[in-house]
Amino acid sequence: MSTGRVRFEQSRCVQSVQHALVNLQDGVPSLYVITRRLGISERTLRRRLKSVGTSYNEILKEMRATAAKNLLRDKMVTVDRVAAQLGYSESANFRHA
């Protein structure tokens with residue numbers, strides 16, 4: 001497989017994970033759920049993400065931060081509700097993050 005094709009596959013893998021995490025209001029899918037959707041093993045996903053300098057947790061952190069900023073713009077939404085929507089078990093954990 002050519003280097004360009006490998007990079008494309010790795011980049012597509014990152015985009016696929018981001019896409020799976022876009023609707024965080026529906027809950028945070030586990031790494032297992034995402035790998036099943038992508039039809040690859042967890043090890044393969046971890047390896048591909050690592051090769052482009054990221055991880056599932058890093059992508060999740062970025063997606064949560066973006067979603068939190070958008071949700072918190074609405075003055076009617078409480079911090080507790082945002083924390084729950086983003087998959088935090090407690091609002092204190094959300095505040096810390």
Side-chain angles (χ1 to χ4, degrees):
M1 190 180 293
S2 72
T3 303
R5 173 106 173 126
V6 169
R7 285 190 188 131
F8 173 77
E9 289 297 321
Q10 292 163 342
S11 175
R12 196 172 92 195
C13 189
V14 171
Q15 291 171 345
S16 295
V17 172
Q18 290 170 332
H19 185 264
L21 293 173
V22 150
N23 293 319
L24 288 173
Q25 293 83 358
D26 297 335
V28 178
S30 68
L31 182 60
Y32 175 81
V33 169
I34 289 176
T35 57
R36 294 302 135 232
R37 286 182 191 169
L38 298 175
I40 60 175
S41 70
E42 289 183 35
R43 184 175 181 200
T44 298
L45 178 61
R46 289 178 200 270
R47 189 177 60 248
R48 288 180 182 175
L49 295 176
K50 184 178 180 180
S51 72
V52 291
T54 194
S55 67
Y56 171 76
N57 288 331
E58 285 297 314
I59 294 171
L60 176 59
K61 183 179 172 182
E62 291 170 12
M63 298 296 290
R64 278 179 164 167
T66 299
K69 289 174 189 174
N70 291 333
L71 290 167
L72 290 171
R73 286 189 183 119
D74 182 352
K75 302 294 183 194
M76 301 301 289
V77 178
T78 66
V79 172
D80 290 338
R81 183 171 174 204
V82 171
Q85 286 181 329
L86 297 179
Y88 289 92
S89 57
E90 297 181 21
S91 61
N93 294 337
F94 169 67
R95 287 184 181 101
H96 177 72

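Contact record, Ser91 with Ala83: CA-CB, 3.8 Å, taken as the closest heavy-atom pair. Looking at every heavy atom in both residues, Met63 comes nearest to Gln18 through CE-O, 3.4 Å. Considering every non-hydrogen atom in both Leu49 and Ser55, the closest pair reads CD1-C, 3.9 Å.
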For a quick test of your reading: what N or O donor-acceptor pairs under 3.5 Å do the side chains of residues 33-40 make, sequence neighbours left out?
| residue | atom | partner | partner atom | Å |
| --- | --- | --- | --- | --- |
| Thr35 | OG1 | Leu31 | O | 3.3 |
| Thr35 | OG1 | Tyr32 | O | 2.8 |

Distance-only donor-acceptor hits, side chain of residues 69-79, under 3.5 Å, sequence neighbours excluded:
| residue | atom | partner | partner atom | Å |
| --- | --- | --- | --- | --- |
| Asn70 | OD1 | Arg73 | NH1 | 2.7 |
| Asn70 | ND2 | Thr66 | O | 3.3 |
| Asp74 | OD1 | Met76 | N | 2.9 |
| Thr78 | OG1 | Arg81 | N | 3.0 |

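Annotation: the span from Tyr56 atom OH to Cys13 atom SG amounts to 12.5 Å, rounded to 0.5 Å. Rounding to the nearest 0.5 Å gives a distance of 7.0 Å between CD of Glu62 and CD1 of Ile59. Note: Lys50 NZ to Arg46 CZ = 11.5 Å, rounded to the nearest 0.5 Å.
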